Amino acid sequence: QGDWSSDVCSSDLQLTTQSFFARQKSILKNPTFYEGDPYSLMAHATLSLTSSGTATLEHALLGTPLLAVYRLSDLSYELIKPFFLKKFKERIKFIGLPNIIFDRIVHPEYLQYAAKPDQIAKDAVSLLDNENERKEITETFQELHLHLGQAGVLERAASEVLKLVT
């Protein structure tokens, strides 16, 4: 294992992440979990595991490498798949907003059956051990400021998302 920090930021998945890493003792020794201001946590984390959605954009704008995970219950997934996912997948290839904005994989993401804890843990450790890969992600995230600009970023981001989903 590398010299990376054992700190894990997971403001929206804290309990799940804590129980997951408790079972993965060989992967991450003595993790520290924080509670409090999520933006402070995100800004200071080496890597974050987060759900898809606006949290991915928040991480990117703060320059924090992330792995985006989204999984519904199997029943919910199977119920909505015929009505929603086919149309969704035809128009949107990614679940993380930075990946959607850049129209390519900038950060790893795991949707539904690809969201396997062992694979996520393996990829997280790999990313934590690879400073160059994390630096590449954060440098790409810096380009978001050019795409979104400074003033009115929320309105422009919402507009871009609406264009993709309507």
Side-chain angles (χ1 to χ4, degrees), residues 1-77 81 85 88-89 92-148 157 161:
Q1 304 295 344
D3 274 347
W4 39 269
S5 168
S6 62
D7 295 350
V8 175
C9 172
S10 183
S11 59
D12 53 350
L13 298 173
Q14 185 167 354
L15 294 176
T16 302
T17 306
Q18 284 178 328
S19 63
F20 170 74
F21 279 114
R23 290 179 282 145
Q24 301 293 329
K25 291 184 190 307
S26 64
I27 293 175
L28 191 60
K29 307 278 190 271
N30 301 315
T32 303
F33 292 88
Y34 296 96
E35 293 183 27
D37 175 36
Y39 298 109
S40 179
L41 294 175
M42 287 181 223
H44 292 94
T46 304
L47 176 68
S48 183
L49 307 176
T50 190
S51 60
S52 62
T54 56
T56 60
L57 185 59
E58 292 168 335
H59 281 82
L61 292 171
L62 291 168
T64 303
L66 66 115
L67 289 91
V69 180
Y70 196 79
R71 183 173 171 125
L72 299 167
S73 72
D74 289 344
L75 178 61
S76 295
Y77 182 77
K81 188 166 68 171
L85 289 180
F88 177 81
K89 281 300 227 178
I92 299 176
K93 298 177 269 188
F94 309 108
I95 61 169
L97 288 175
N99 292 346
I100 292 170
I101 291 167
F102 285 108
D103 196 29
R104 65 183 172 91
I105 295 289
V106 176
H107 61 80
E109 54 183 44
Y110 308 86
L111 178 62
Q112 199 56 26
Y113 299 120
K116 297 178 179 160
D118 290 340
Q119 186 62 50
I120 295 166
K122 179 181 172 189
D123 293 348
V125 168
S126 176
L127 195 52
L128 285 166
D129 281 338
N130 190 334
E131 186 175 346
N132 289 334
E133 190 175 352
R134 288 193 320 272
K135 184 178 179 185
E136 185 178 317
I137 291 170
T138 57
E139 286 174 354
T140 303
F141 284 170
Q142 291 304 311
E143 295 174 29
L144 276 174
H145 293 280
L146 298 174
H147 285 288
L148 301 175
V161 170

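This is a predicted model, so every value here is computed, not measured. Starting from 1, each residue takes its place in the sequence as its number.
To the nearest 0.5 Å, the span separating OG on Ser51 from CD on Glu109 amounts to 12.5 Å. Remark: Leu67 CG to His59 NE2 distance equals 10.0 Å, nearest 0.5 Å. Rounding to the nearest 0.5 angstrom, the gap separating the CG atom in Leu128 from the CD atom in Glu133 is 10.5 Å. For the atom pair CZ of Phe94 and CG of Leu111, the computed distance is 12.0 Å after rounding to the nearest 0.5 Å. Atom CG in Asp129 sits 11.0 Å away from atom CG in Leu47 (nearest 0.5 Å). Between Asp123 atom CG and Asn130 atom CG the span is 12.0 Å, to the nearest 0.5 Å.
Sparse packing is recorded around OH of Tyr70, with 12 or fewer heavy atoms of other residues, nucleotides or ligands lying under 6.0 Å away. Atom CD of Glu131 has 12 or fewer neighbouring heavy atoms from other residues, nucleotides or ligands inside a 6.0 Å radius.
Counting only distance, with no hydrogens or angles, the side chain of Thr56 and the backbone of Leu97 share a donor-acceptor pair below 3.5 Å. A donor-acceptor distance shorter than 3.5 angstrom exists from the side chain of Thr64 to the backbone of Met42, with no hydrogens or angles considered. Within the 3.5 Å criterion, the main-chain N or O of Ile105 finds no donor-acceptor partner in the side chain of Asn99.
Contact check for Tyr110 versus Lys116: no side-chain heavy atoms found under the 4.5 Å cut-off. In this structure the side chain of Thr138 reaches within 4.5 angstrom of the side chain of Pro65, judged on heavy atoms. Side chains of His107 and Thr50 form no contact here, defined as non-hydrogen atoms less than 4.5 Å apart.
Under 3.5 Å, the side chains of Asn132 and Glu136 contain no donor-acceptor pair of N or O atoms.
Checked against the 6.0 Å centroid threshold, Tyr113 and Tyr77 count as a close aromatic pair.
Residues meeting the salt bridge (charged side-chain N to carboxylate O under 4.0 Å, His left out) test with Arg71, sequence neighbours left out: Asp74. Remark: Glu143 pairs with no residue by the side chain to side chain donor-acceptor pair (under 3.5 Å) rule, at least two apart or across chains. The salt bridge (charged side-chain N to carboxylate O under 4.0 Å, His left out) search around Asp103 returns Lys93, not counting sequence neighbours.
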Going through the distances and angles, do Leu144 and Leu57 end up as a side-chain contact (heavy atoms from CB on, under 4.5 Å)? CA-CA 9 Å; Leu144 276 174; Leu57 185 59; 4.1 Å; yes

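Between Gln142 and Gly63, the shortest heavy-atom contact is NE2-CA, 4.5 Å. In plain terms, the two heavy atoms of Phe141 and Leu66 that are nearest each other are CZ-CD2, 3.8 Å.
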